[in-house]
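Reading through the structure tokens given below for one structure.
Basis for what follows: all heavy atoms, side chains included, without hydrogens, waters or symmetry-related copies.
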Amino acid sequence: MSALPILAVWLGAWGLNAFLARLNTRLTRILVPLIFGTTLLLLWEMIVRAYAVPSVILPAPSQIWAAFMANIPLLWGDFVQTILKGALSGWLIGALAAIATAIAIDRSPFLQRGLLPIGNFVAALPIIGIAPILVMWFGFDWQSKAAVVVVMVFFPILVNMVAGLAATDALQRDLMATWSAGYWQSLVKMRLPAAMPFLFNGLKITTTLALIGAIVAEFFGSPTRGMGFRISTAVGQLDLPLVWAEILVAAIAGSLFYGIVSLIESRVTFWHPSQRR
Amino acid sequence: MTRALPVLTVLAAIILVWYLAAIGMNAQWAQDQAARAGTTLTTGQLIADTLSQDRPVLPAPHQVAAGLWDGIFGQAITSKRSLVYHAGVTLSATMAGFAIGSLAGILLAVGIVHDRTMDQSVMPWAVASQTVPILAIAPMVIVVLASIGVTGLLPKAVISAWLSFFPVLVGMVAGLRQPDAMQLDLMRSWNASRSQSFWRLRLPSSMPYLFASLKVAVAAALVGTIVGELPAGATSGLGARLLSGSYYGQTVQIWSALFMAAALAAGLVVLIGLIERITLKRMGLAR
């Protein structure tokens with residue numbers, strides 16, 4: 001019996017979306033995904049209520065939101081510990097190290113040929129496995145999480161940056177040579193700007209990697225705060241609404257992080273074809 | 001051969017740095033032990049000691065190699081101490097998750113390419129779902145599924161399926177949209193039905209994209225499985241080896257499990273590359 005209203009909501013929203021999608025204006029392009037997302041939340045809430053799903057298995061969105069609002073100071077503390085201290089500092093260090101390494105090996109084709117296959121290989125490995133080792137070396141606090149993040153983001157950014165530094169063609173390089181530009185001049189004025197689209201590709205890929213690294217590293221030992229710590233202890237206490245509130249924080253932080261990097265990208269690489277509207 | 005020499009050089013440099021680091025990082029403990037025993041170590045003794053400790057801060061390469069050898073060949077395959085056994089547990093969950101995830105990704109991509117409503121509703125949320133560090137949910141998925149009686153291979157497979165689904169979805173959407181307007185018009189001029197132009201034009205031309213994303217997806221699936229094995233309860237699998245190694249300070253065990261996982265990931269990627277080469281060659285798409 002209780003399946004009927006659920007089906008009705010789903011079909012109604014789908015019909016509305018199908019109608020809107022056919023119009024295909026700028027407004028509907030924003031409306032359609034919004035309606036889809038709202039429908040999912042609504043269906044989730046209705047299913048949980050209609051079938052009385054215990055909150056241990058799946059809390060309703062309203063319960064998650066209540067847990068979120070009730071725990072804001074706690075969540076903020078975890079956010080600072082894991083995202084700001086662990087993920088962000090690690091991501092910055094890793095990115096700077098990768099850029100510096102890319103510029104250093106750019107001058108040596110021998111090193112490039114040797115390092116790039118290994119870099120590509122390492123980037124595909126389950127690097128998250130080094131978390132227990134780094135927690136052992138750097139202690140339980142955020143430094144070990146930052147170290148995990150550094151290692152996780154280093155190779156993807158390195159591989160992209162090296163490809164970016166090689167992105168100029170012979171004609172452009174010859175032009176710089178005819179202007180008698182030195183190595184540093186052509187690096188700063190031609191090759192670094194040309195590498196920016198590649199660099200930002202790597203930076204965007206690694207935003208989620210950084211969050212994942214910082215959170216998962218906390219499963220191997222952490223002080224009594226942090227998102228990974230909270231998730232694993234709250235799961236132990238079967239406080240699932242709090243776990244989902246943490247996941248909500250992670251999702252918001254992840255989207256913001258990605259959004260900010262994309263925003264910087266559109267400012268830095270405004271000249272690139274992919275940024276044209 | 002022009003690539004082998006640089007790669008080997010870099011590998012040799014890495015191993016050299018590793019040995020030096022092992023000596024440096026383990027020296028403290030060796031000297032403490034010597035001071036407690038009231039003796040002083042000569043440089044030679046110190047180096048020998050740092051490279052042969054039971055629980056070094058950083059195990060030397062040959063210790064890891066010995067650990068790997070013992071784990072792979074030194075035990076019966078069914079033994080709980082055998083790395084082959086643990087790798088097998090991890091591999092089975094990875095393959096199950098990879099199969100579910102890539103199938104879901106392909107089906108959803110077909111829907112997205114053929115239905116505009118699905119494209120506009122699902123695609124933005126599929127992208128947004130990836131900004132959620134999904135591995136954070138891994139322990140919860142395990143616990144929740146265990147509470148409704150699902151244990152063993154499936155919970156881990158769910159996590160790795162979720163991770164491998166997105167690369168396949170994105171790659172397949174790009175691949176299925178690969179045929180340009182001219183090719184699609186040609187199909188129309190032959191009066192091809194939608195399913196005909198799907199099977200004969202869209203699907204074949206998406207294959208290079210599919211394989212590129214499958215390589216990413218299989219590596220991601222392995223990471224998902226390993227993280228899925230971390231929460232308490234899992235006693236087998238490479239992730240469980242990592243966790244128990246970190247609890248008991250068995251660094252050699254951690255490093256061997258890590259290298260086993262790396263070899264597994266590399267093996268899976270190479271395997272898909274091989275299937276890719278054969279398929280594309282038979283389709284006449286090989287570069």
Between A:D78 and A:R225, is the closest basic N to carboxylate O distance under 4.0 Å?
no

Looking only at the aromatic ring of each residue, does the gap between the centers of A:W44 and A:W65 stay below 6.0 angstrom?
no

Centroid separation under 6.0 Å, is that true for the rings of A:F68 and A:W244?
no

Checking B:L238 against chain A: side chain, backbone, both or neither under 4.5 Å from a heavy atom?
neither

Is it true that A:E218 and A:K145 have a side-chain N and a carboxylate O under 4.0 angstrom from each other?
no

Interface moiety of B:L58 toward chain A, non-hydrogen atoms closer than 4.5 Å
both

Relative to chain B, which segment of A:L209 carries a heavy atom at a distance below 4.5 Å: side chain, backbone, both, or neither?
neither

